[in-house]
Amino acid sequence: MKSVVKTNDKKAIAYRTGLKFASEAVKGFGPNGKVCGLTNGAFSLLSLIEAVLHITGPADVTISTWSAGLYDAGALNSLMASGMVRDVRLILDRSFKTRQVGYSLYIQDVFKDENIRTTNTHAKFVLIKNDTYNVCIRSSMNLNENKRCENYDIDDDIDIYNLFNTFADDLFAKMPKGIIEHRAKVDPVF
């Protein structure tokens, strides 16, 4: 079900559960656009990222997630190899390494420590930036498949982008590289 919702002089395209493909969930999104919706678990955050990248074109991407799966990390690596993701930064919760030892080793191997930071986070957001777009995706979805109702909001809005990007820039400037799980290192920066 599609509807149009007016928010602060912007029209938002709103979708409700039942969509099978992320590309349908971003239909109509463009410069200065806004899309919000609920998914029935038919697509993942990575699928949503890919659908947005097909609109924006190649871009730099920052992802903040509490959890990430092997498939999604591999698929993100494929987006990098294709050139759709020019540069990537990952923000993970400090507990990720203790919860998913094998996954964390794979992610460190693929994305390298210089592109990874950890903190105390449950925030799930994605930043997609190029010369035309400043996109921020906020979602309940982690970077792994989850067959549950999830929400998402996508804005091409410089102010929203800057709010989340300032947090990411600050974390990347102050936190040691890689997946750090020790509170003694994470908490002072947090």
Counting distance only, does the side-chain N/O of [X] pair as donor-acceptor with the main-chain N or O of [Y] below 3.5 Å?
X      : Y      : answer
Asn130 : Thr56  : yes
Thr62  : Leu127 : no
Thr166 : Asn162 : yes
Asn134 : Ile158 : no

Any chance you could measure [X], atom [atom1], to [Y], atom [atom2], to the nearest 0.5 Å?
X      : Y      : atom1 : atom2 : result
Asn40  : Arg148 : CG    : CZ    : 13.5 Å
Ser139 : Phe125 : OG    : CZ    : 12.5 Å
His54  : Ser23  : NE2   : OG    : 8.5 Å
Ile154 : Ile160 : CD1   : CD1   : 12.0 Å

Worksheet item: Charged N to carboxylate O below 4.0 Å: is that the case for Arg89 and Asp169?
Response: yes
Worksheet entry | Ion pair Lys129/Asp60, N-O distance below 4.0 Å |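 No, no charged N to carboxylate O under 4.0 Å.
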Discussion item. The criterion is side-chain contact (heavy atoms from CB on, under 4.5 Å); which residues satisfy it with Val110, sequence neighbours excluded?
Written reply: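 side-chain contact (heavy atoms from CB on, under 4.5 Å) check on Val110 returns Asn77, Tyr106.
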Discussion item. I'd like to check the side-chain contact (heavy atoms from CB on, under 4.5 Å) partners of Ile55; sequence neighbours left out, ordered by chain and number.
Written reply: Val26, Phe29, Tyr133
Item to complete: Step by step, work out the side-chain contact (heavy atoms from CB on, under 4.5 Å) result for Lys124 and Arg138.
Response: CA-CA 6 Å; Lys124 294 106 177 163; Arg138 289 148 342 267; over 6 Å; no
Worksheet entry | Which residues share a salt bridge (charged side-chain N to carboxylate O under 4.0 Å, His left out) with Asp87, sequence neighbours left out |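 Asp87: no salt bridge (charged side-chain N to carboxylate O under 4.0 Å, His left out) contacts found.
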Discussion item. Name the residue from Thr118, Asp170, Thr119 that meets the side-chain contact (heavy atoms from CB on, under 4.5 Å) definition with Met175.
Written reply: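 Going through the options one by one, the only one that passes is Thr118.
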Discussion item. Side chains of Ser140 and Asn151 only: does a donor on one sit below 3.5 Å from an acceptor on the other?
Written reply: yes
Discussion item. Using side-chain contact (heavy atoms from CB on, under 4.5 Å), reason through Leu76 and Leu46 one step at a time and then give a plain yes or no.
Written reply: CA-CA 7 Å; Leu76 180 58; Leu46 185 67; 4.2 Å; yes
Worksheet item: Can you tell me if NZ on Lys112 sees more than 12 non-hydrogen neighbours from other groups inside 6.0 Å?
Response: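 More than 12 heavy atoms, drawn from other residues, nucleotides or ligands, come within 6.0 Å of this atom.
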Worksheet entry | Test log, rule side-chain contact (heavy atoms from CB on, under 4.5 Å), inputs Thr65 and Ile91 | CA-CA 6 Å; Thr65 185; Ile91 299 170; over 6 Å; no
Practice prompt. Would you kindly confirm whether Leu92 and Trp66 end up in one hydrophobic cluster when ILVMFWY residues are joined by side chain heavy atoms under 4.5 Å apart?
Written response: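 Result: no, two separate clusters.
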Worksheet entry | Step-by-step side-chain contact (heavy atoms from CB on, under 4.5 Å) determination, Arg86 to Met84 | CA-CA 6 Å; Arg86 301 182 306 203; Met84 288 300 289; over 6 Å; no
